[in-house]
Amino acid sequence: MSDKLRVAVLGAKGRIGSEAVRAVEAAGDMELVAALGRGDALSAVTDAGAQVAVELTTPGSVMENLEFLVGNGIHAVVGTTGWTDERLAALRGWLDASPGTGVLIAPNFSIGAVLTMAFAQQAARYFESVEVVELHHPNKADAPSGTATRTAQLIAAARAEAQLPAQPDATATALDGARGADVDGVPVHAVRLRGLLAHQEVLFGGEGETLTIRHDSLHHSSFMPGILLGARRVGSAPGLTFGLEHFLDLN
Ligand SMILES: NC(=O)C1=CN([C@@H]2O[C@H](COP(=O)(O)OP(=O)(O)OC[C@H]3O[C@@H](n4cnc5c(N)ncnc54)[C@H](O)[C@@H]3O)[C@@H](O)[C@H]2O)C=CC1
Ligand SMILES: O=C(O)C1=N[C@H](C(=O)O)C[C@H](O)C1
């Protein structure tokens with residue numbers, strides 16, 4: 001048997017999954033042993049002897065897939081969105097029952113998006129106001145994006161740690177949705193536009209100045225180095241890792 005990492009891709013026919021199939025096939029240290037689409041039996045992953053599964057399906061499928069993977073000791077690299085505290089708690093329970101198994105959940109696999117989140121977290125305590133605008137292709141099923149939600153949560157945590165008060169906002173009347181979704185006190189706005197892929201702006205405002213951090217993913221290839229890095233590293237990181245930044249040396 002070869003010593004290449006044996007990788008399965010779930011969601012293999014999707015936009016990012018099909019790109020991941022090509023990236024795994026092209027990686028010299030990996031072997032694609034299973035590529036599952038909707039309706040394919042999960043037993044194909046265990047039958048193929050996969051060591052790592054890359055999960056790129058839908059929020060409606062990801063939990064069942066992870067319960068199976070973790071229960072069978074298969075490490076997972078997850079890009080699928082829809083994470084809530086309840087879902088994370090269930091996943092942690094499965095991981096506790098399967099010591100040695102690792103799961104990486106990455107709201108975004110692109111280096112630029114990871115850096116955007118890190119920079120936003122760093123800037124958060126210096127500005128009175130902050131809003132997040134995410135812009136995606138119109139086929140995206142969820143809003144706001146997992147990346148925008150995570151960005152807002154990180155900003156909110158940094159503001160709380162710095163003991164910043166609530167943001168100034170005198171809005172007295174508004175159409176539903178006009179001020180975006182409230183994620184831990186940070187307004188998040190979602191744009192869906194033909195021609196776009198995945199983009200985000202974090203807008204900070206202070207007295208007499210603004211700071212805008214913008215990231216653009218122009219092609220699904222932007223996510224591939226992060227997915228491959230995750231697949232290589234997740235087996236050495238038992239339990240749950242949330243965010244690709246934990247596998248990167250950002251300091
Ligand atoms: N973390 C990241 O960097 C990125 C995450 N995403 C996320 O990945 C997910 C997929 O995105 P897209 O590829 O754009 O969606 P998509 O709709 O093109 O692909 C999802 C695919 O999964 C398949 N699928 C559904 N249930 C399945 C199951 N049980 N087993 C196997 N396949 C199943 C669907 O038939 C579809 O082909 C979304 O949650 C999206 O937000 C997308 C891009 C980057
Ligand atoms: O659906 C997408 O396309 C993307 N989904 C992820 C998210 O919701 O943050 C990552 C990236 O924005 C692309």
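We count ligands from 1, going down the list as the structure has it; atoms in each ligand are counted the same way. Computation of the quantities below employed the complete heavy-atom set of this structure, encompassing side-chain atoms and omitting hydrogens, waters and symmetry-equivalent molecules. Values in this document were obtained by computation on a predicted structure and should not be read as measured data.
Of all the atoms in ligand 2, the ones that sit under 4.0 Å from a non-hydrogen atom of His136 are 2 (C), 3 (O), 4 (C), 11 (C), 12 (O), 13 (C). Against a heavy-atom cut-off of under 4.0 Å, Ala198 is close to the following atoms of ligand 2: 11 (C), 12 (O), 13 (C). For ligand 2, the atoms lying closer than 4.0 Å to a non-hydrogen atom of Ser145 are 7 (C), 8 (O), 9 (O).
For atom 16 (P) of ligand 1, the nearest non-hydrogen atom of the protein is Arg15 NH2, 3.7 Å. Of all protein heavy atoms, the one lying nearest to atom 3 (O) of ligand 1 is Phe109 N, 2.8 Å. Distance from atom 2 (C) of ligand 2 to its nearest protein heavy atom, with residue and atom name: Lys140 NZ, 3.6 Å. Nearest non-hydrogen protein atom to atom 7 (C) of ligand 2 is Gly146 N, 3.4 Å. What sits closest to atom 23 (C) of ligand 1 on the protein, heavy atoms only, is Gly11 CA, 4.0 Å. Looking only at protein heavy atoms, the nearest one to atom 3 (O) of ligand 2 is His137 NE2, 3.0 Å. Distance from atom 11 (O) of ligand 1 to its nearest protein heavy atom, with residue and atom name: Ile16 CG2, 3.9 Å.
The closest non-hydrogen atom to atom 28 (C) of ligand 1, taken over Ala41, Ala141, Ser61, Gly82, comes from Ser61. When the heavy atoms of Gly79, Gly14, Gly39 are ranked by distance to atom 6 (N) of ligand 1, first place goes to Gly79. By heavy-atom distance, the residue among Thr80, Thr58, Thr57 lying nearest atom 10 (C) of ligand 1 is Thr57.
Residue Ala12 places no N or O, backbone or side chain, under 3.5 Å from any N or O of ligand 1.
With a heavy-atom cut-off of 4.0 Å, Thr147 touches ligand 2 through backbone and side chain alike.
In this structure, Lys140 is part of the shell of residues with a heavy atom less than 4.0 angstrom from ligand 1. A heavy-atom separation below 4.0 Å is found between Gly37 and ligand 1.
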